[in-house]
Amino acid sequence: MNNSQRPHSGQNISATCPYDDLYIYQLGGRLTSQKEIPQKRFIGNWEEDDFSFLFFSEPSQQEIKKLIRNQPQLTYIDSYHMSYEQWQGTVLTPFDHGCFRILTPWQGGAIGGQGKLPIILDPGIVFGTGTHPTTRDCLEAVELACRDKLPTVALDLGTGTGLLALAAARLGCKSTLAVDLNLLAAKTAKKNVRLNRLEKQVGVVQGFAEDFINRPADLLIANIHYAVMQKLIAAKGFTTKKRFVLSGLLRSEAKQIRIELERLSAQVLKSWTHEGIWHTFYGELKD
């Protein structure tokens, strides 16, 4: 395990959540520009299909009205007001899982105590706090993969907040490329790479996962939608990966993916199932 690049315990870490309240505006369509939005209160824009979710730290109805007037492709759908923790669906507190200690930059405490490898994670408004069953199973799978044989190059497709890419780097992987289609997720992952001072080991790009599957890597990590997972496994580049961690799969999806892996003569070394719902595979491809 690589402990040489721990975040310093003396760095400036506040003790409160980044936002008390979130004001979220759901719009139909996508923005062509964010220049008209006052940046002081604006947190970010989460784009999903043909919808835009604009996040502010204060009420911003007038700004939204002006934005819609100036960008006629946009339509107002709804607005929401909730606490930051309501949005994340959990109270964010430091926790240990396997060899890792996950903590936020606003929660100090013992960084990396008791032999744990610290990962500072600021999820912002992106989902991916490390509490979802598939994420925790992937952390275990990445730890197991790095203990079996430390990969030189890893590829994390659908990186979200960048947690799994950071985990691989903490375990000693020299180079990890983290990819996410969502621009806000990619920006959040980049921020977390900087927080952990792992810029020399982890790179983050925005793009389609299937566009990067052909890149050389010893370890593929993909906690991603089933439709994308199917494309990844069908790609020629998948067969060049020595080992893989595949997750985010429901029961019927996992069954089909296992069939495809068997067709490729891939061996599942270990699998995780959470309450019979979520499935994760760690395996290898035979030469």
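Positions are given from 1, in the same order as the sequence printed here.
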K.L.:
If Ile, Leu, Val, Met, Phe, Trp and Tyr residues are connected whenever their side-chain heavy atoms lie under 4.5 Å apart, and connections chain through other members, are Val179 and Val204 in the same group?
P.N.:
no
K.L.:
Apply side chain to side chain donor-acceptor pair (under 3.5 Å) to the pair Gln71 and Thr32, showing each step before the final yes or no.
P.N.:
CA-CA 8 Å; Gln71 297 191 34; Thr32 56; 3.1 Å; yes
K.L.:
Does Phe244 form a ring-ring contact (aromatic ring centres under 6.0 Å, His included) with Phe238? I'd like the steps, not just the answer.
P.N.:
CA-CA 9 Å; Phe244 55 83; Phe238 179 77; 5.7 Å; yes
K.L.:
Closest heavy-atom contact between Ala169 and Leu198?
P.N.:
CB-CD1, 3.9 Å
K.L.:
How about Leu183 and Glu47: do any of their side-chain heavy atoms sit closer than 4.5 Å?
P.N.:
no
K.L.:
Do Thr104 and Leu121 have side-chain heavy atoms sitting under 4.5 Å apart?
P.N.:
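No, side chains not in contact.
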K.L.:
Whether the side chain of Trp87 engages the backbone of Ile125 through a donor-acceptor N/O pair (distance < 3.5 Å, no angle test) should be reported.
P.N.:
yes
K.L.:
Output the distance between atom CD1 (Ile259) and atom CD1 (Ile233), rounded to the nearest 0.5 Å.
P.N.:
11.5 Å
K.L.:
Checking Asp156 side chain against Ala178 main chain: does a donor-acceptor pair fall under 3.5 Å?
P.N.:
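Looks like no, no N/O pair under 3.5 Å.
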K.L.:
Taking the six-membered ring for Trp, is the centroid-to-centroid distance between Phe42 and Phe55 below 6.0 Å?
P.N.:
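Aromatic pair excluded; centres sit 6.0 Å or further apart.
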K.L.:
Determine whether Leu139 and Phe100 make a side-chain contact, defined as any pair of heavy atoms from C-beta on separated by less than 4.5 Å.
P.N.:
yes
K.L.:
Taking side chain as C-beta onward, heavy atoms only, is Arg136 less than 4.5 Å from Thr131?
P.N.:
yes
K.L.:
Measure across Leu150 and Cys173 and return the closest heavy-atom pair with its distance rounded to 0.1 Å.
P.N.:
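The answer is CD1-N, 3.8 Å.
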K.L.:
What are the two closest heavy atoms between Arg101 and Leu103, and how far apart are they?
P.N.:
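For Arg101 and Leu103, the tightest heavy-atom pair comes out as O-CD2, 3.7 Å.
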K.L.:
Using a 4.5 Å cut-off on heavy atoms from C-beta on, say whether the side chain of Leu249 contacts that of Phe281.
P.N.:
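Sidechains of Leu249 and Phe281: in contact.
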K.L.:
Distance check, rounded to the nearest 0.5 Å: Leu27 atom CG versus Leu67 atom CG?
P.N.:
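Answer for the CG-CG pair, Leu27 versus Leu67, is 6.5 Å.
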K.L.:
Which residue pairs pass the side-chain hydrogen bond (donor to acceptor under 3.5 Å, both in side chains) test with at least one member in residues 53-68, sequence neighbours excluded?
P.N.:
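As it turns out, the side-chain hydrogen bond (donor to acceptor under 3.5 Å, both in side chains) pairs with a partner in residues 53-68, which skip direct neighbours, are Arg41-Glu63.
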K.L.:
Can Phe56 and Tyr25 be said to form a ring-ring contact (aromatic ring centres under 6.0 Å, His included), step by step?
P.N.:
CA-CA 8 Å; Phe56 293 83; Tyr25 299 87; 5.8 Å; yes
K.L.:
Within the side chain of Gln256, is there an N or O that forms a donor-acceptor pair under 3.5 Å with the backbone of Gln230?
P.N.:
no
K.L.:
Working note: Glu262 + Arg258, criterion salt bridge (charged side-chain N to carboxylate O under 4.0 Å, His left out); need CA distance, chi angles, decisive distance, verdict.
P.N.:
CA-CA 6 Å; Glu262 291 174 353; Arg258 187 182 279 273; 5.1 Å; no
K.L.:
Does the side chain of Arg243 reach to within under 4.5 Å of the side chain of Asp148, using non-hydrogen atoms?
P.N.:
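Answer yes - side chains close enough.
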K.L.:
With side chains defined as the heavy atoms from C-beta onward, is the minimum distance between Leu166 and Val193 less than 4.5 Å?
P.N.:
yes
K.L.:
Can you confirm whether His225 is buried at NE2, in the sense that more than 12 heavy atoms of other residues, nucleotides or ligands lie under 6.0 Å from that atom?
P.N.:
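Count not over threshold, so no.
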K.L.:
For Gln206 and Leu181, which heavy atoms make the closest approach, and how far apart are they?
P.N.:
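Looks like NE2-O, 3.1 Å.
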K.L.:
Taking Tyr19 as the starting point, is it possible to reach Trp106 by hopping between hydrophobic residues whose side chains are less than 4.5 Å apart?
P.N.:
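Trp106 clusters together with Tyr19.
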K.L.:
Give every donor-acceptor pair under 3.5 Å between a side-chain atom in residues 207-220 and any protein atom, sequence neighbours left out.
P.N.:
{"unit_1": "Asn214", "atom_1": "OD1", "unit_2": "Gly237", "atom_2": "N", "d": "2.9"}
{"unit_1": "Asp218", "atom_1": "OD2", "unit_2": "Thr152", "atom_2": "N", "d": "2.7"}
{"unit_1": "Asp218", "atom_1": "OD2", "unit_2": "Val153", "atom_2": "N", "d": "3.0"}

K.L.:
Suppose the criterion is side-chain hydrogen bond (donor to acceptor under 3.5 Å, both in side chains): which pairs have a residue in residues 233-242, not counting sequence neighbours?
P.N.:
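side-chain hydrogen bond (donor to acceptor under 3.5 Å, both in side chains) check on residues 233-242 returns no pairs.
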K.L.:
Less than 4.5 Å apart, side chain to side chain, heavy atoms only: is that true for Val126 and Trp46?
P.N.:
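Sidechains of Trp46 and Val126: in contact.
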K.L.:
Testing the basics here: between Ser247 and Asn223, what is the closest heavy-atom pair and its distance to 0.1 Å?
P.N.:
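That would be C-OD1, 3.4 Å.
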K.L.:
Once rounded to the nearest 0.5 Å, what's the spacing between atom CG of Leu163 and atom NE2 of His97?
P.N.:
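Between atom CG of Leu163 and atom NE2 of His97 there are 10.0 Å.
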K.L.:
In this structure, would Leu164 and Leu177 fall into the same cluster of hydrophobic residues linked by side-chain contacts under 4.5 Å?
P.N.:
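Leu164 and Leu177: separate clusters.
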K.L.:
Which heavy-atom pair separates Gln88 from Gly124 by the least distance, and what is that distance?
P.N.:
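Heavy atoms only, the tightest pair is NE2-O, 3.1 Å.
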K.L.:
Judged by atom type as modelled, is there a donor-acceptor pair below 3.5 Å linking the side chain of Ser52 to the main-chain atoms of Gly29?
P.N.:
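Side chain of Ser52 to backbone of Gly29: a pair is present.
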K.L.:
Pairs in or reaching into residues 175-194: which pass side-chain hydrogen bond (donor to acceptor under 3.5 Å, both in side chains), with residues at least two apart or in two chains?
P.N.:
Asp122-Lys191
K.L.:
Test of understanding: with side-chain hydrogen bond (donor to acceptor under 3.5 Å, both in side chains), list the residues that count as partners of Asp137, not counting sequence neighbours.
P.N.:
none
K.L.:
Hey, what do you get for CG (Leu246) to CD1 (Ile224), rounding to the nearest 0.5 Å?
P.N.:
10.0 Å
K.L.:
Quick one: which residue pairs count as a side-chain hydrogen bond (donor to acceptor under 3.5 Å, both in side chains) with a foot in residues 267-278, not counting sequence neighbours?
P.N.:
Glu140-Trp272, Thr273-His279
K.L.:
If I take atom CD from residue Glu284 and atom OG from residue Ser265, how far apart are they, to the nearest 0.5 angstrom?
P.N.:
12.0 Å
K.L.:
If I take atom NE2 from residue His81 and atom CD from residue Gln86, how far apart are they, to the nearest 0.5 angstrom?
P.N.:
8.5 Å
